[in-house]
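All values reported here derive from a predicted model rather than from experimental measurement. A, B, ... follow the sequence lines: proteins, then strands. Residue 1 opens every chain.
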Amino acid sequence: AQKITQTQPGMFVQEKEAVTLDCTYDTSDPSYGLFWYKQPSSGEMIFLIYQGSYDQQNATEGRYSLNFQKARKSANLVISASQLGDSAMYFCAMREGAVIGNEKLTFGTGTRLTIIP
Amino acid sequence: DTGVSQNPRHKITKRGQNVTFRCDPISEHNRLYWYRQTLGQGPEFLTYFQNEAQLEKSRLLSDRFSAERPKGSFSTLEIQRTEQGDSAMYLCASSLGQGSFTNEKLFFGSGTQLSVL
């Protein structure tokens, strides 16, 4: 079963507007971490933001915030005031618990974000 | 901190040849991961090292693939008798390796793009 689902293959957003990238996840483990990574055309995966399953507050990192709705199993990334440099692939990822065998980060299929000047 | 370095950036080879990729992690990082990414997909976990010990291998890692991390520093990923289906981006990542896995951030290299003709 797909553990991370990103339903938006591509999005086009006007510069300076806010954008929300969707991510839903599936796990029965009560302890898990959710990550968002950005992959520009250079190929390197760049860490953006992290949310732990027990965190009470939504995570924020500068212009990035994570809209964490635990009951819905969703972890949407919100980028405020988008910039041309935000154009890239965005991946949602999850790591379950701290049990040996769960060390791997599982990624979704990604959303290609294009910022229009 | 020079980041995670991967060499070569691109590799073109003929079917049946052997190839080897190198990854130099961030110097103080104990954990090292290999991922594979095909077009339009998110990265898929291949294998993981804690220092020099290879602790987990994905079913994606057939017996034609071998990874090493001698002395717990750089790592190599070798593919023997390459097939066209091996064409992909091979990403290396490292992490500090202290404490819980759940919230541990991975730092990725820019990857090695393999094309098997």
Heavy-atom proximity to chain A below 4.5 Å, by part of L46(B)
neither

With a 4.5 angstrom heavy-atom cut-off, is it the side chain or the backbone of F108(B) that approaches chain A, or both, or neither?
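Contact with chain A involves both backbone and side-chain atoms of F108(B).
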
Result of checking R81(B), K14(B), R64(B) against D86(B) for salt bridge (charged side-chain N to carboxylate O under 4.0 Å, His left out)
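With D86(B) as partner, salt bridge (charged side-chain N to carboxylate O under 4.0 Å, His left out) holds for just one option, R64(B).
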
Pick from [options] with the largest number of heavy-atom pairs that fall under 4.5 Å of chain A:
options                        : answer
G40(B), G42(B), S95(B)         : G42(B)
M89(B), Q37(B), R9(B), Q113(B) : Q37(B)
A93(B), G109(B), G111(B)       : G109(B)

Sort and list the pairs that fulfil ring pair (Phe, Tyr, Trp, His ring centres under 6.0 Å) and have at least one residue in residues 39-70 of chain A, not counting sequence neighbours.
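For residues 39-70 of chain A: F35(A)-Y50(A), Y37(A)-F47(A).
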
Counting neighbours of CG on L60(B) that are heavy atoms of other residues, nucleotides or ligands and sit closer than 6.0 Å, is the number greater than 12?
yes

Any side-chain to backbone donor/acceptor pair from S110(B) onto G43(A)? Under 3.5 Å, distance only.
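Such a contact is absent between S110(B) side chain and G43(A) backbone.
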
What part of Q39(A) gets within 4.5 angstrom of chain B, counting heavy atoms only: side chain, backbone, both, or neither?
side chain

Which of T27(A), L105(A), D26(A), D29(A) passes side chain to side chain contact (heavy atoms under 4.5 Å, CB included) with M94(A)? Answer is T27(A)

